[in-house]
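A short worksheet on the structure shown next.
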Amino acid sequence: MLRQYELVERVKEYDPDADEALLNRAYVYTVQKHGTQKRASGDPYFSHPVEVAGLMTDLKLDQETIITALLHDTVEDTLATIEDVEEKFGTEVARLVDGVTKLSKIEAMPENERAAENLRKFLLAMSADLRVLLVKLADRLHNMRTLHHIRSPEKRRRIARETMDIYAPLAERVGMYEYMREMQLLAFEQLEPEAFATINNRLEVLRQSDVGQVDRIALDIKQALAADGMEVEVWGREKHPYSIWKKMAERHLPFEQVTDIMAFRVLTDSPQDCYRALGVLHQAFQFVPGRFKDYISTPKNNGYRSLHTTLFYDQSMRVEVQIRTREMHHTNEFGLAAHWAYKQGDRPDGAVGWLRDLIEIVDASHDAEELLEHTKLAIYQDRIFAFTPKGALFQLPKGATAVDFAFAVHTDLGAQTVGAKINGRHMPLRTPLGNGDVVEIIKGKNAEPQLSWLGFVVTGKARASIRRAVRLKERAEVAEIGSKLFEEIADRLPTKVGKKAIKAAVERLEMDEAEDLMFAIGAGKISDREVMEAIVPGSTADLPQEADQGRAISIKGLTPGVGFTLAECCHPVPGDRIVGLRRPNETVQVHAIDCLELANGVDADWVDLSWGERSHGAVGRLNVVLYNRPGTLAEMAGVFARNTANVMNLELQQRDDPFHTYCVDLEVQDLAHLTRITSALRANDAVAQADRI
Ligand code: MN
């Protein structure tokens, strides 16, 4: 493990201005906070953050990143708080540590494909400052290096799988090939132990049978170039077992047929020399067609630059050769990290330099697909990622609230929501969520989605679910009214009406269930007579025919033979003072004398009218405001039933917190009947207000 002074010295080496005292304080802080915690290896826990900080010094990263690496597990795993870190080490470090802490929460996440994809996106979204991602990658690399200390094979495999699926591709994404290769190798060893052992054995056998082969080929390459007057460095290595394995798997080859197990690197002084070296090698050796790639004129989006070619070394062997300058090589191995550290020198605003570099690279990228990959970084800026308390991750649009989150987790959870804790604190449901928030939804037994939520939810799923729930509830309420009215209808029948009779009636009416019937009654979609007929066929034969649409009504004052209609605006009922509007080729419109619509009747002839003597059975319209509490609707329905009024139509107009406002069309005998009902409603505790419209 790095000692305190060694770490500080390393930083001072590349950054003489680094704050030595602050670095020392961070080292001591992590040692104190982790105290006697132990790693699986038995080492003190703080050896881990110190090693991660060491990895960050290899990349020559700034002191904020080094301090972040030292503190990266303190908030997650010790009693330290982010506030304390901010007070002691400043806002920038606190922000970075907070970022790494949030990334660490993913590790408890369920393993499935969708989650893995979400996790990658989350990591990218969280890594607007890529230093957060770098610390996390170094953290993972060190954990992989010490993975063999973990006893449980399942846990080792889970971590290895996660590394292979998520962290290695991320390292590649930001060009950290060195990290990527080591992670893959260590993960491969856990995931495919047999293949790993077999390939290692084969490589060992090859080495034994031809000792020094790598060096000999490297020398041949070097001499070929020297013959043309070029002085270059040549490095040769075996490819690591994982890339050989990948090739075997991809091309379905046995080991013996994987011919290019060696790779060579030619390091030159200038890009011109790279192309010159390529020309020389293509003359000296036969090259494999279709394997040449020019990443110098077209760098990869993560900044990688190099020429790649594959040569036939002799008839049976192919070797891969990468040609690049020394500077390119450094940048390639550590990708954007190296790029960033390198440019730090001439950038006073280093912290934001990262993003700008990224933009430069995006600008320089010609490959549409790579560009797309990169711009995803920007796309994720309008998403947020939030966790359940158990660590499941959900992606939501920016501005999404706890209610959106609840519906995203499960429709039922959304429906039962009564409150939310965000990062452990009770917060209003309308609070927009932040990236990495942990959201705990508080459920209520009899909770139901509120119409007012539509004012702040942003996801389609929440919106649709709330609407649906409100509609269903309204339907249930109308059915409740219908049940009350049904009792009254049933009383008029000669026999007692049991469940069986209702079921038979439902079938006769070609409905699905009793609630459909109650809803139809409550909403006035079916007449009393039809209901009675459905329950006891023939039961209404002796009853006098009911009036159709108020046609039991006669009007005095009309020219004989002229038709009339009762106006829909004022719904006059017998007993109201009425007036008729007559226009050419139309029936006479009968209005109540105080109807506001009459103002629009100046073009018509006004006819003095009155009700015929036995007129009865018109539809009156009421505006009823109920208190918003259970049972008030049934109370209203009870009033209608006791007064034998048919509900023709019922519509919820407004649903506010203390009140629900309904528009009710009621079939009544006459004005006296309607007035009785209005008074009865006003006298009822459930009703706040009842008026004719
Ligand atoms: Mn860690």
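Counting starts at 1 for both ligands and their atoms, following the listed order.
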Is the gap between the ring centers of Y179 and Y167 under 6.0 Å?
no

Pairing residues for F188 by the ring-ring contact (aromatic ring centres under 6.0 Å, His included) criterion, not counting sequence neighbours
F196, Y242, W245

So the protein N/O/S atoms within less than 2.8 Å of the Mn ion (ligand 1) come down to H48 NE2, H72 NE2, D73 OD2, D139 OD1

Does R157 use its side chain to pair, donor to acceptor, with the backbone of L191 at less than 3.5 Å?
yes

Mark yes or no for whether S243, through its side chain, and K239, through its backbone, hold a donor-acceptor pair below 3.5 Å.
no

With sequence neighbours left out, what residues match E178 under salt bridge (charged side-chain N to carboxylate O under 4.0 Å, His left out)?
R181

Test ring-ring contact (aromatic ring centres under 6.0 Å, His included) applied to H34 - qualifying residues, sequence neighbours left out:
Y45

